[in-house]
Structures are given as structure tokens and as C-alpha cells.
Amino acid sequence: QVRLVESGGGLVQPGGSLKLSCAVSGFNVNLHRAAWFRQVPGKEREAIACLSAMDRLYGDPVKGRFTISRDAAQKRVFLQMDNLKPDDTAVYYCAATSTIIAHCGDYLPPAGAFDSWGQGTQVTVTS
């Protein structure tokens, strides 16, 4: 059974940094596709970064500022967020596919492409 638990959210000033962590169990982070999404009230869940065995993709709003990575020994997927902006304020979710999918593809996969989710962690960027 795949289980995901996010941590690392919090309150940060514009221009600051945060590193989100997703502790995983039930799958191999080197083989299974994982992603970070975010959601604000009244809007759909937005894919922002995807990591697979073969590739790595980012959404335009975070490209150049956010970095997705993994540590197989720690069984974690990370999202390093730099130069944060107020528009980055959202609940951030870690997601994964329970089957082995080696590519993120040409575009960020939608939420429906993932069958395992964490509970979310709040990130608030404000001065």
C-alpha cells in the first residue's frame, strides 16, 4: 500500500525559501513517478513538478525557482522552493502512481494520473 506524508510547509516572506518533504512507503522512489501539486480555495489542483525514472518536468509558474528531487535511502521526495512569491501560497500535495511509470511525459500529468496522495501541507508567502 502506497502512503505519502508531507512536511515542511509554513510561513515565509517573499523571496524566501522552503523545502517540502514527502515521506513515502509502499513504492520505490527511483522507479515510480511522483509529483507535487498545489491548490488554493476555489481552484483546481495544479501540477507544478513531476519526477520519474527518466525525466523531470516543471510548470511554468515555478520553473527556475522550484526543484524536485528524491532520496531513495531516505525514501523521500523533496520540493525545494526558492524566491517564493505571494502567488505561491497554497496547500501543497505530494502524489505518486502505485504502478511503475517511467516518464512524466511531454506535459505535466493531471491530478487524475496519480492514485496516491498525501494529506497536504500549507505554504503561506506573505510580508
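In this text the structure is predicted, and so the values were computed from the model without any measurement. Only this structure's heavy atoms are used, side chains among them; waters, hydrogens and symmetry mates stay out.
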From [X] [atom1] over to [Y] [atom2], what is the distance, rounded to the nearest 0.5 angstrom?
X: Ser69; Y: Leu79; atom1: OG; atom2: CG; answer: 8.5 Å
X: Ile68; Y: Ser52; atom1: CD1; atom2: OG; answer: 9.5 Å
X: Leu57; Y: Asp106; atom1: CG; atom2: CG; answer: 8.0 Å
X: Arg3; Y: Ser116; atom1: CZ; atom2: OG; answer: 12.0 Å
X: Arg65; Y: Lys63; atom1: CZ; atom2: NZ; answer: 12.5 Å
X: Met81; Y: Trp36; atom1: CE; atom2: CH2; answer: 8.0 Å

Could you go through residues 18-28 and list every donor-acceptor pair under 3.5 Å that involves a side-chain atom there, pairing it with any protein atom two or more places apart or in another chain?
unit_1, atom_1, unit_2, atom_2, d
Ser21, OG, Arg76, NH1, 2.7
Asn28, OD1, Asn30, N, 2.8

Residue pairs fulfilling disulfide bond (SG atoms under 2.5 Å apart) with at least one residue in residues 31-92, sequence neighbours excluded: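 Sorted pair list: Cys50-Cys104.
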
Charged N-O contact under 4.0 Å between Lys85 and Asp88: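 Not counted as a salt bridge, because no side-chain N and carboxylate O are separated by less than 4.0 Å.
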
Pairwise side-chain contact, [X] with [Y], heavy-atom cut-off 4.5 Å (strictly under):
X: Thr99; Y: Ile101; result: yes
X: Thr124; Y: Val12; result: no
X: Tyr92; Y: Gln39; result: no
X: Trp117; Y: Phe37; result: yes

Gln119 CD: over 12 foreign heavy atoms closer than 6.0 Å: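 Yes, because the 6.0 Å sphere around CD of Gln119 holds more than 12 heavy atoms from other groups.
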
Arg70 charged N/C atom sitting above Phe78 aromatic ring, 6.0 Å / 45°: no

Over-ring placement of Arg38 relative to Tyr93, 6.0 Å and 45° cut-offs: no

Sequence-distant partners of Tyr58, ring-ring contact (aromatic ring centres under 6.0 Å, His included), two or more places apart: none

